[in-house]
2 protein chains.
Amino acid sequence: MPSIKDVAAEAGVSVATVSRALNGHPSVSAAARARVLAAVETLGYRPNAVARSLRTDQTRTLGLVISDVLNPYFTELARSVEEEARALGYSVIIGNADERPDLQDHHVTTLLDRRIDGLLVSPTDGGSPRMLDAARAGTPMVFVDRWIPGVDVPVVRSDGRAAVRDLVAHLHGLGHRRLAIIAGPAATTTGRERVDAFREALAAYGLPLPDAYIGQGDFQAGSGRRVTEGFLDLPEPPEVVFAADNLMALGALDAVRARGLRVPEDIGLAAFDDIPWFVHTDPPVTAIAQPTRDLGRAAVRALVERIAGRAGASVTLPARLVVRRSCGEPPSEQHPPSPSPVRRSTP
Amino acid sequence: MPSIKDVAAEAGVSVATVSRALNGHPSVSAAARARVLAAVETLGYRPNAVARSLRTDQTRTLGLVISDVLNPYFTELARSVEEEARALGYSVIIGNADERPDLQDHHVTTLLDRRIDGLLVSPTDGGSPRMLDAARAGTPMVFVDRWIPGVDVPVVRSDGRAAVRDLVAHLHGLGHRRLAIIAGPAATTTGRERVDAFREALAAYGLPLPDAYIGQGDFQAGSGRRVTEGFLDLPEPPEVVFAADNLMALGALDAVRARGLRVPEDIGLAAFDDIPWFVHTDPPVTAIAQPTRDLGRAAVRALVERIAGRAGASVTLPARLVVRRSCGEPPSEQHPPSPSPVRRSTP
DNA sequence: CCTCCTCGTGGAATCGATTACACGGAGGAT
DNA sequence: ATCCTCCGTGTAATCGATTCCACGAGGAGG
């Protein structure tokens with residue numbers, strides 16, 4: 001692979017001139033520039049990004065550490081992050097933590113070793129020492145979706161409180177009173193928040209959230225299945241199960257089906273995080289949709305601000321309820337939308 | 001961020017000794033090694049991978065260019081690639097081409113500029129000049145899932161012919177005779193092969209595959225919808241539609257539902273690429289499953305072989321049919337498996 | 001005609017590692 | 001006692017870029 005020296009030799013100029021010509025530096029004569037460009041063409045030269053990064057101390061690369069790539073929500077997030085980063089001239093290296101703190105740590109370390117310009121993290125847990133050190137040391141960093149309280153890093157996320165209230169209103173309106181939740185890990189903010197929001201919304205209707213109706217999940221399908229089985233084994237099972245993410249909802253669907261029960265007749269189901277497949281499940285699943293694309297975009301913009309040395313503000317975008325049939329009473333999709341504040345899906 | 005010089009100063013040795021101590025070189029005294037390690041600890045030193053790469057001319061990084069991250073098949077592939085690469089001490093940078101040749105080109109270029117050690121590609125089209133140049137120039141490279149004929153690069157893929165024959169046997173056994181296919185782009189090998197396999201399998205039963213029953217898709221949901229609408233508008237619509245990937249199947253499901261028709265009563269549906277969601281769609285979708293994890297693993301191993309200067313053989317793994325209910329006659333899941341060679345799903 | 005500025009260019013330092021080569025000292029062989 | 005070997009270490013070259021500084025040529029102004 002030819003280096004800048006080869007180009008210089010071919011063009012009959014010094015490496016300094018080649019570098020200047022290629023970087024659009026003004027003080028290069030038209031003749032020299034033309035010769036350099038010709039040499040680049042004949043040799044098929046491409047600048048070595050590694051060498052350039054070493055010298056300039058910037059890689060034009062962003063790191064993104066997400067909790068679970070197989071979760072369609074994070075896949076979409078990753079995609080929008082890459083899209084926006086590319087538009088801004090950055091590449092993205094994705095690290096998949098698989099909800100495992102040790103893997104998260106591995107990726108953060110690797111990314112930092114590669115001297116990425118900035119780090120986007122959706123923390124799996126309370127934060128590895130390595131990550132907290134990096135944050136303190138001034139590595140440009142932004143949390144997305146989940147965050148770690150007490151760390152001075154901008155957070156880009158969506159607030160599901162209003163949507164959870166809408167959901168509970170919807171469920172209450174359908175006559176459901178015994179509502180259970182499959183929670184995410186307590187170590188994650190989203191895990192805690194969704195339970196809190198649910199509990200508050202229930203309280204507004206004078207409904208309790210007994211401990212037996214709070215199942216501890218880990219954002220993976222398997223835990224959704226196990227927790228749902230536990231709910232079904234209760235002397236008085238819940239009427240509706242609210243899964244704190246889409247994979248646990250999938251697991252819940254598994255569990256219900258394995259018992260030969262039906263949704264929503266025997267038990268209702270709702271999920272946090274909407275995905276295209278929820279339109280086509282049996283039945284279509286009522287879900288809370290996050291503005292995932294916007295989240296990814298905003299996160300990248302905030303991070304790039306930080307890299308540029310500016311503040312990079314936190315952003316909170318609202319989530320919204322998408323009513324489908326999994327909690328009962330199919331919304332009459334042929335009719336005009338109901339006057340209720342709850343929005344309905346248009347599949 | 002401290003450099004090797006700082007460590008050397010702190011430990012009272014030269015940078016050479018620090019480097020040797022850190023890389024496990026034998027000729028370093030125990031005392032020096034201890035002092036270096038202590039200095040590393042107090043300074044929180046981490047070697048700069050950029051500088052190391054420049055010197056050693058290897059990045060311990062693999063590039064993976066896939067056609068569409070949002071497709072769960074590729075997401076899973078990417079995950080297994082990363083997993084195996086990590087086990088082998090490599091990082092992976094994923095480039096998402098979104099089925100766009102220009103984007104594919106962009107990622108290949110960027111990856112090559114970063115001097116990745118090897119490239120894994122699932123080509124969107126016939127191959128960009130940049131990619132073909134790289135292959136010819138000897139960049140270690142392996143095609144995965146899709147490939148480009150005539151290029152001397154190992155291919156890791158799965159062969160769906162047998163599974164497609166099983167599928168057609170299954171459909172024929174259910175009494176279906178008018179079978180249509182939503183094809184992938186003709187520029188991709190998988191796009192062409194699946195149509196060919198389907199046509200051959202039909203021929204074995206004396207069934208034709210008229211042009212009207214071959215819809216041109218692009219592996220995205222939207223095209224599945226459009227093609228299916230076309231099929232439904234035919235004077236004699238097909239009895240079963242076979243989508244060449246899971247996203248087009250999703251689109252087909254959309255189209256059928258939009259007409260108020262039902263699967264499988266009004267029209268049957270089958271798909272290439274099985275995904276967890278197909279168990280929970282309405283109805284569960286009969287699909288051809290690829291051994292995605294094994295594919296990813298094998299691809300990385302072949303690539304690492306190439307990087308090591310060895311041959312790195314092509315690998316072809318069989319796909320298998322998973323029968324569900326979307327083509328009619330729900331398999332009786334309570335009964336022992338039928339003696340037919342067609343395997344049945346156990347959800 | 002001389003001086004000064006500007007412009008284009010090249011030489012060389014630099015980024016942070018790795019590694020070939022040289023060197024000094026200790027220990028064993030003769 | 002002398003020489004050789006080996007071990008541990010340091011000096012310096014190197015990877016491929018960017019960029020500071022210096023320098024020569026040419027034009028403008030006095």
Side-chain angles (χ1 to χ4, degrees), chain A residues 1-37 39-40 43-61 89 91 109-117 137, chain B residues 1-40 43-61 89 109-117 137:
Chain A
M1 204 158 267
S3 82
I4 194 169
K5 274 186 201 162
D6 303 311
V7 177
E10 172 81 17
V13 297
S14 71
V15 294
T17 300
V18 175
S19 176
R20 281 189 281 251
L22 260 24
N23 291 304
H25 199 283
S27 74
V28 177
S29 68
R33 187 183 312 274
R35 291 223 305 288
V36 167
L37 262 24
V40 164
L43 294 176
Y45 168 77
R46 291 250 79 212
N48 184 329
V50 175
R52 188 202 299 256
S53 292
L54 177 61
R55 183 58 234 253
T56 60
D57 199 33
Q58 54 166 338
T59 50
R60 297 217 60 95
T61 302
S91 297
T109 304
T110 308
L111 258 10
L112 256 24
D113 285 356
R114 280 162 194 271
R115 301 299 192 264
I116 46 144
D117 293 342
Chain B
M1 205 158 267
S3 82
I4 195 169
K5 275 186 201 160
D6 303 311
V7 177
E10 173 80 16
V13 297
S14 73
V15 293
T17 300
V18 174
S19 175
R20 282 189 281 250
L22 260 24
N23 291 305
H25 198 282
S27 74
V28 177
S29 68
R33 188 184 311 274
R35 292 223 304 289
V36 168
L37 261 26
V40 164
L43 294 175
Y45 169 77
R46 291 251 81 212
N48 184 328
V50 175
R52 189 203 298 258
S53 293
L54 177 60
R55 185 56 234 254
T56 62
D57 198 34
Q58 55 166 335
T59 49
R60 297 221 55 99
T61 302
T109 303
T110 309
L111 257 10
L112 257 22
D113 285 357
R114 278 160 195 273
R115 301 300 192 264
I116 45 146
D117 294 341

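Throughout, protein chains are lettered first and strands after them, A, B, ... in sequence-line order, and every chain is numbered starting at 1.
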(request) Provide the start and end nucleotides, 5' to 3', of the part of DNA chain C that has atoms under 4.0 Å from heavy atoms of chain B. (result) C/dC15 to C/dA20
(message) Once rounded to the nearest 0.5 Å, what's the spacing between atom OG of B/Ser53 and atom CD of B/Gln58?
(response) 7.5 Å
(request) First locate atom CZ of B/Arg33, then atom CZ of B/Arg20, and finally report the distance between them rounded to the nearest 0.5 Å. (result) 11.0 Å
(message) Using whole Å, what does the distance between atom P of nucleotide D/dA17 and atom NZ of A/Lys5 come to?
(response) 10 Å
(message) Please report the distance, rounded to the nearest Å, between CG in A/Asp6 and C1' in D/dA17.
(response) 13 Å
Sequence neighbours excluded, which residues qualify as side chain to side chain donor-acceptor pair (under 3.5 Å) partners of [X]?
| X | answer |
| --- | --- |
| A/Ser91 | B/Arg114 |
| A/Asp113 | B/Arg46 |
| B/Thr59 | B/Asp117 |
| B/Ser3 | none |

Applying side chain to side chain contact (heavy atoms under 4.5 Å, CB included), name anything that partners [X], two or more places apart in sequence or on another chain.
| X | result |
| --- | --- |
| A/Asp57 | none |
| B/Ala51 | A/Leu54, B/Asn48 |
| A/Val15 | A/Ile4, A/Lys5, A/Ala8 |

(request) Let me know which of B/Thr17, B/Leu43, B/Leu22 forms a side-chain contact (heavy atoms from CB on, under 4.5 Å) with B/Val7. (result) B/Leu43
Could you list, one pair per line, each protein nitrogen or oxygen that sits under 3.5 Å from a nitrogen or oxygen of nucleotides 5-7 of chain D, together with the distance?
none

(request) Could you tell me, to 10°, how much the axis swings from one end of the helix from C/dC1-D/dG30 to C/dT30-D/dA1 to the other, five pairs per end? (result) 60°
At a cut-off of 3.5 Å, list every protein nitrogen or oxygen paired with a nitrogen or oxygen from nucleotides 18-22 of chain D, distance to 0.1 Å.
residue	atom	partner	partner atom	Å
D/dT18	OP1	A/Asn23	ND2	3.2
D/dT18	OP1	A/Arg52	NH1	3.1
D/dT18	OP2	A/Ser19	OG	2.5
D/dT18	OP2	A/Asn23	ND2	3.2
D/dT18	O2	A/Arg55	NH1	2.3

(message) Considering every strand and a 4.0 Å limit on heavy-atom distances, what is the contact class for B/Val28: base, sugar-phosphate, or nothing?
(response) sugar-phosphate
(request) Select base, sugar-phosphate, or nothing to describe what A/Ala32 touches, counting heavy atoms under 4.0 Å on all strands. (result) sugar-phosphate
(message) Going by salt bridge (charged side-chain N to carboxylate O under 4.0 Å, His left out), name the residues that satisfy it together with A/Asp6, two or more places apart in sequence or in a different chain.
(response) none
(message) What verdict does the side-chain contact (heavy atoms from CB on, under 4.5 Å) test give for B/Arg115 and A/Met1, after you've listed the backbone C-alpha separation in whole Å, the side-chain angles of each residue and the deciding distance to 0.1 Å?
(response) CA-CA 10 Å; B/Arg115 301 300 192 264; A/Met1 204 158 267; 3.3 Å; yes
(message) If you assign B/Ala31 and A/Arg46 each to the DNA chain D nucleotide with the nearest heavy atom, which residue ends up on the more 5' nucleotide?
(response) B/Ala31
(request) Quick one: closest heavy-atom pair of B/Ala11 and B/Arg35, and the distance? (result) O-NE, 3.0 Å
